[in-house]
Number of protein chains: 2
Amino acid sequence: MKILIEKADIITMETPEAVIKKGVIAINGGRISHVGEQGTLPADFTAEKVIDGTGMMALPGFVNCHTHAAMTLFRGFADDLPLMQWLEEKIWPLEAGLQKEDIYWGTLLACAEMIRSGTTTFADMYFHMGQAARAVEEAGLRASLSRGMIGTAPGVGAGELPPLEYSVEFARRWHGAAGGRITVMLGPHAPYTCPPDFMRRVIKAAHDFGLGIHIHLAETAGEVEDMKRRYGKTPVQLMDQLGLFELPVLAAHCVHLEEKDIEILASKKVGIAHNPQSNMKLASGIAPVAKLVAAGAVVGLGTDGAASNNNLDMLEEMRTAALLQKVATGNPVALPAFDALAMATVNGAKALGLGEEVGLLKPGYRADIILVSMQKPHLCPRHDLVAHLVYSAQGADVETVLVDGRVLMEKRKLLTIDEEEVMSQAEKRAQRLVNRPK
Amino acid sequence: MKILIEKADIITMETPEAVIKKGVIAINGGRISHVGEQGTLPADFTAEKVIDGTGMMALPGFVNCHTHAAMTLFRGFADDLPLMQWLEEKIWPLEAGLQKEDIYWGTLLACAEMIRSGTTTFADMYFHMGQAARAVEEAGLRASLSRGMIGTAPGVGAGELPPLEYSVEFARRWHGAAGGRITVMLGPHAPYTCPPDFMRRVIKAAHDFGLGIHIHLAETAGEVEDMKRRYGKTPVQLMDQLGLFELPVLAAHCVHLEEKDIEILASKKVGIAHNPQSNMKLASGIAPVAKLVAAGAVVGLGTDGAASNNNLDMLEEMRTAALLQKVATGNPVALPAFDALAMATVNGAKALGLGEEVGLLKPGYRADIILVSMQKPHLCPRHDLVAHLVYSAQGADVETVLVDGRVLMEKRKLLTIDEEEVMSQAEKRAQRLVNRPK
């Protein structure tokens, strides 16, 4: 389908200066075919649908580099608790009661929330990923999906494949599916739950099947100490020694890093998913993002799951990332607005291995585009659109969302998801999980 | 006017447990006359207007304890700069060009934004406060207004009164005006800009005219060092010695505090306005809020001005406050959700000296009430409403706002402000300020 977006202020993300006032974007067959000033539309382009961008900013959709989508079902169930009490008394008992269909509805709820706040791509790690894939296919989002694998406790139910075998089967079925919108990575949970022998099997499978890796890395100080005690190395250095970083890797958190870890992550072009709100809420610490960026690392942004955030709003996450680096470094110039926006878009796409196709408004790129209304008191006056996105905007300012040139939300109305049904199912299933007999 | 709010889940803020499912609130003559379960409405109460709260939370409106409202005109004009460069090259030259009418329109823009995100009371410190008062009177909000006074550089324009004389005249005209919605405090800017002799005059005037004080206190490490070098005391201890804290005081920031400062602030019941986003953005530091609360201090929450935040959204500010204390103390239990919500409502009211009338949903209190929609994917499922407000909600979830029993916004429509006109005026005036000859 040929779509024309006109009269929007276009933030292409190619350079900080690349803002086109009241420009045009042409979309053809799911990809962007033209971006330019008013009046530059090729004469042979005849739009089947025209989207009026008056009073809007157009920019690449957000890339949420790390979440556990179906954990929306646990949103607000257990907050303000010490980490182990949170996991042992609250989250794990609930997860033990999860049914396959819960994952489908919980993921759809996450998709509805993400579309509403301008996310077009997300990286998910959880269980029953076939159900998550089904939800993503229907919702129309782009996603990188991983089955979380605990090497130390496979936890296989009756009739289920062991995690690595499941993951390989899952990849066969879904990698490149939904017109390429769905990609699959292998998801070893973390170095402290996946011993070297298991990691070696995962790395071999990733090479054999041409897959990337999604892993939690150096999230807490305790984890780093534990790994150094057990292996004499930081988690990053241990993974490097095992050859993990010869693969495309998406590493979530990277909070507690030594100088040498930063060098390794930067030189091996590891994709880093920074999750500031989750790291703050669980008191994990503050990732050295300004240092990582200065070292040339590929740093994207993620929300983590809704049990530890408690929403999937990337606008909020950008703001928190920028403000947190400033106060943590004592430098008000740290992580300026454009850099935070780049983390949430183009650099996030790179972290997911999608940097050639996603994250810029540029001919040839996938038409993953959001329109954000500027007609709001909190976005007035219009001194600086990028600053407004990072420091002032909220999720509900996102008006229209396209993925692969398909409109998923128009003027705040979701077109691919029956939101009332999803909220009703999620509420019912969440109550069943909370109230089931212990 | 008699108004009935029915079928809302009511968060009274009296205790963490005080949530009334699908309850009723009766309003009579601007005050709350009844709060209770469904079916408890007094038989003789006949509502002239009924507000359907189905699918909504009802709670006290937010109290923004520290802002510079008209600085909305500078939103996004100068970000990611070192503090002195920001002030000297950007903010002060712009402020030098401010005209009286700019303050009126900038304050109205702030009022529109605050109503839209659930704020019903704010404490403002700026210039040309007669214009700010005019805007507040029209918008229908509650406000505590102060003319900012620089003791070292009065900066009086032709035909203007010196700041203290202006402030006293302003208080005569506006203290208790607009049906009691407007109160006035004296606003000495900060100890480092108001030397002891000037402070003594301000303190005397406050006693003479029965006024409170709104002041910036211990915002940056440099300020504290400077005061210790000049006076051998921290700003808090110097102000204590001058007798400031025998008056009702609202002290903004309080970031850099010694143990003795905390004792003084707590024992003298100084109202503290914590501004986490501004403190992060300007890299000022992290206020010891958990310690202050533990010491029994009265801690409210503020956004600071839109030039250093860059919005006036109290939901966001609550979230940031809660997350920041957790990561700063390394304790995920620090500043739990209810405590953050209390800072944004009842404790903020106490900090402004309005604690007997504002901040709770309780018979006899002013009917300053907001309704927040729960019918959103990011607020589903409904495990914990207070957690949802603090960790998941956004400004646009606020549907309806009442102040003194008058509806200022209903179903997202502003009833007292011509929003299009305000945005148009603000845009025009902001552009004039930026583009005027140097």
Side-chain angles (χ1 to χ4, degrees), chain A residues 72-77 79-83 86 109 112-113 116-117 277 279-286 306 309-313 316 319-320 323-324 326-327 329-334 336-337 375 377-378 380-384 387-388 391-392 394-396 419 422-423 426-427 430-431 434, chain B residues 72-77 79-83 86 109 112-113 116-117 277 279-286 306 309-313 316 319-320 323-324 326-327 329-334 336-337 375 377-378 380-384 387-388 391-392 394-396 419 422-423 426-427 430-431 434:
Chain A
T72 47
L73 296 178
F74 308 154
R75 188 200 317 274
F77 171 64
D79 299 295
D80 306 320
L81 292 173
L83 182 65
W86 178 72
L109 179 64
E113 181 185 354
R116 284 204 164 281
S117 49
Q277 290 202 336
N279 297 158
M280 292 172 84
K281 185 153 181 276
L282 301 175
S284 305
I286 300 174
N309 186 315
N310 297 352
N311 62 34
L312 309 178
D313 185 331
E316 216 180 87
R319 181 162 317 148
T320 304
L323 298 181
L324 187 60
K326 295 177 206 308
V327 77
T329 61
N331 176 11
V333 181
Q375 302 278 76
H378 64 276
C380 175
R382 295 183 196 168
H383 289 303
D384 184 331
H388 279 7
Y391 297 126
S392 308
Q394 59 183 301
E419 196 170 31
V422 169
M423 287 196 283
E427 190 70 50
Q431 297 310 329
V434 171
Chain B
T72 48
L73 296 179
F74 307 154
R75 187 200 318 272
F77 171 63
D79 299 296
D80 306 321
L81 292 173
L83 182 65
W86 178 73
L109 179 63
E113 181 185 353
R116 284 203 164 280
S117 49
Q277 291 202 336
N279 297 158
M280 293 171 84
K281 185 154 182 277
L282 301 176
S284 305
I286 300 174
N309 185 314
N310 295 352
N311 62 35
L312 309 178
D313 185 332
E316 219 180 85
R319 182 162 317 147
T320 303
L323 298 182
L324 188 59
K326 294 178 207 304
V327 77
T329 61
N331 176 12
V333 181
Q375 303 277 75
H378 64 275
C380 175
R382 296 182 195 168
H383 290 303
D384 184 330
H388 280 6
Y391 297 125
S392 309
Q394 59 183 303
E419 195 169 31
V422 169
M423 288 196 284
E427 190 71 50
Q431 297 309 328
V434 170

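Naming convention: chains lettered A, B, ... in sequence-line order (proteins, then strands); numbering from 1 in each chain. Note: hydrogens, waters and symmetry copies are ignored here, and every other heavy atom, side chains too, is used. It should be emphasised that the depicted structure is a prediction, and the values quoted were computed from it without experimental measurement.
Contact of the B:Arg319 side chain with the A:Asn311 side chain is registered, since non-hydrogen atoms from C-beta on lie closer than 4.5 Å. Under the 4.5 Å side-chain criterion, counting only non-hydrogen atoms from C-beta, A:Leu109 is in contact with B:Cys380. Counting only heavy atoms from C-beta outward, the side chains of B:Glu113 and B:Arg75 approach each other to under 4.5 Å. Side-chain contact check for A:Asn331 versus A:Lys326: every heavy-atom pair is 4.5 Å or farther apart.
Interface residue A:His388: only side-chain heavy atoms are found under 4.5 Å from chain B. Residue contact with chain B, scored on non-hydrogen atoms closer than 4.5 Å, involves the side chain of A:Glu419 exclusively. Only the side chain of A:Arg116 comes within less than 4.5 Å of a heavy atom in chain B; its backbone stays farther off.
Between chain A and the residues B:Asn279, B:Thr329, B:Asp79, the most heavy-atom pairs under 4.5 angstrom are made by B:Asp79. For chain A, the option among B:Leu73, B:Ile286, B:Leu282 with the highest count of heavy-atom pairs below 4.5 Å is B:Leu73. Note on A:Ala112, A:Ala306, A:Gly395: by heavy-atom pairs under 4.5 Å with chain B, the leading option is A:Gly395. Ranked by heavy-atom pairs shorter than 4.5 Å toward chain A, the options B:Lys281, B:Gln277, B:Gln375 are led by B:Lys281. The most heavy-atom pairs under 4.5 Å with chain A, out of B:Ala396, B:Ala387, B:Ser392, B:Ala430, come from B:Ser392. Heavy-atom pairs under 4.5 Å with chain B were tallied for A:Ala334, A:Ala337, A:Gly76, A:Gly330; the largest tally goes to A:Gly76.
Taking both residues in full, the closest heavy atoms of B:Ser117 and B:Leu312 are given as OG-O, 3.7 Å, listed atom of the first, atom of the second, then distance.
Residues passing the salt bridge (Lys or Arg N to Asp or Glu O under 4.0 Å) test with B:Asp313: none are found, sequence neighbours excluded. Under the salt bridge (Lys or Arg N to Asp or Glu O under 4.0 Å) criterion, A:Asp384 pairs with no residue, sequence neighbours left out.
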